[in-house]
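First the structure, in the form of structure tokens, and then the observations on it.
Predicted, not measured: the structure shown is a model, and the values here were computed from it.
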Amino acid sequence: MNKVILIGRLTADPEVRQTQSGENVSSFSIAVDRRFSKERKADFINCVAWGKTCDFLNKFFRKGNRLAVIGRLETRSWEDKQGNKRYSTEVTVEEIEFVESKSDSKPSTATQNNGYTEISADDDLPWF
């Protein structure tokens with residue numbers, strides 16, 4: 001089984017390109033924090049999104065936004081201009097999910113939303 005699930009932040013605004021056949025494609029990178037590291041470290045994972053997934057990414061996400069990507073790992077190889085064998089490994093994205101709401105980027109820990117109060121994960125919750 002080849003399944004990749006990552007949560008991270010976009011390292012740059014996504015850009016759409018088109019193939020010769022007219023299909024939209026975006027190559028992008030996400031920074032994924034290493035959870036159990038004593039120092040704050042991140043891995044930068046290259047990803048590619050095609051078609052409607054690409055359109056969704058470019059419509060709703062910008063540099064710094066947190067997102068979840070679900071896809072498969074693919075490795076490509078080619079020869080460069082000097083004749084050297086080159087390799088690239090990237091995630092071919094099948095799904096993209098929102099991880100945070102717009103209110104998560106605000107400095108307050110709780111916001112009002114249609115009569116409900118959103119509580120951030122950093123707030124003390126009485127039932128935990």
Side-chain angles (χ1 to χ4, degrees):
M1 176 184 291
N2 184 353
K3 188 80 156 177
V4 176
I5 302 170
L6 299 167
I7 296 176
R9 293 192 182 274
L10 274 175
T11 61
D13 286 346
E15 294 181 24
V16 178
R17 298 183 322 271
Q18 281 193 338
T19 64
Q20 290 178 345
S21 64
E23 186 173 16
N24 289 343
V25 61
S26 273
S27 295
F28 60 98
S29 165
I30 61 173
V32 178
D33 290 332
R34 291 188 185 176
R35 187 171 182 184
F36 298 107
S37 175
K38 290 183 181 184
E39 298 176 36
R40 185 169 182 173
K41 292 183 181 179
D43 293 301
F44 297 88
I45 311 296
N46 294 324
C47 303
V48 62
W50 296 85
K52 292 184 181 196
T53 306
C54 168
D55 297 339
F56 178 75
L57 171 74
N58 285 280
K59 183 174 182 180
F60 293 107
F61 295 93
R62 296 290 167 254
K63 178 181 179 178
N65 289 150
R66 286 190 59 182
L67 71 161
V69 297
I70 302 166
R72 64 186 180 277
L73 202 58
E74 291 187 5
T75 303
R76 299 180 287 121
S77 63
W78 70 95
E79 278 191 25
D80 65 14
K81 293 177 181 176
Q82 291 78 32
N84 299 317
K85 191 82 165 178
R86 309 289 286 180
Y87 297 92
S88 175
T89 302
E90 61 194 5
V91 175
T92 298
V93 178
E94 298 164 350
E95 299 176 49
I96 296 175
E97 301 286 334
F98 294 101
V99 174
E100 63 187 0
S101 66
K102 286 185 179 182
S103 64
D104 287 342
S105 60
K106 295 181 182 175
S108 64
T109 58
T111 58
Q112 291 293 327
N113 186 9
N114 296 328
Y116 296 95
T117 302
E118 287 187 26
I119 301 172
S120 76
D122 297 335
D123 287 338
D124 290 330
L125 302 177
W127 54 86
F128 285 104

Applying the 4.5 Å side-chain criterion to the ILVMFWY set and letting contacts propagate, would Ile70 and Leu67 be lumped into a single cluster?
no
Heavy-atom nearest pair, Ile7 first then Val32, reads O-CG1, 3.6 Å
List the atom of Leu73, the atom of Asn2, and the distance in Å for their closest heavy-atom pair.
O-ND2, 2.7 Å
How close do Trp78 and Tyr87 get, counting heavy atoms only, and between which atoms?
CZ3-C, 3.9 Å
Taking all heavy atoms of Val4 and all of Leu6, pick out the closest pair and write down the distance.
CG1-CG, 3.7 Å
Return the CG to CZ distance between Asn65 and Arg9, rounded to the nearest 0.5 Å.
8.0 Å
So, the side chain of Glu100 versus the backbone of Arg66: is there a donor-acceptor pair under 3.5 Å, distance only?
yes
Min side-chain heavy-atom separation Ile96-Phe60 under 4.5 Å:
no
For atom CD of Glu15, decide whether the heavy atoms of other residues, nucleotides or ligands shown that lie under 6.0 angstrom number more than 12.
no
How far does CD of Glu79 sit from CZ of Arg86, to the nearest 0.5 angstrom?
11.5 Å
Quick one: CG on Leu10 to NZ on Lys63, what's the gap to the nearest 0.5 Å?
10.5 Å
Would you call Glu74 and Arg76 a salt bridge, using N to O less than 4.0 angstrom?
no
Specify the closest pair of heavy atoms between Ser26 and Asn58, including all atoms of both residues, with the distance to one decimal.
OG-ND2, 2.8 Å
Exercise answer: donor-acceptor pairs, residues 44-54 side-chain atoms, under 3.5 Å, sequence neighbours excluded:
none

Heavy-atom side-chain contact between Val93 and Leu57 under 4.5 Å:
no
Out of curiosity, Arg72 CZ to Glu90 CD, how far, rounded to the nearest 0.5 Å?
10.0 Å
Could you give the distance from CZ (Phe56) to CD (Glu95), rounded to the nearest 0.5 Å?
10.5 Å
Do Phe98 and Val91 share a hydrophobic cluster (ILVMFWY, side-chain heavy atoms under 4.5 Å, transitive)?
yes
Residue Arg62 excluded, over 12 heavy atoms near CZ under 6.0 Å:
yes
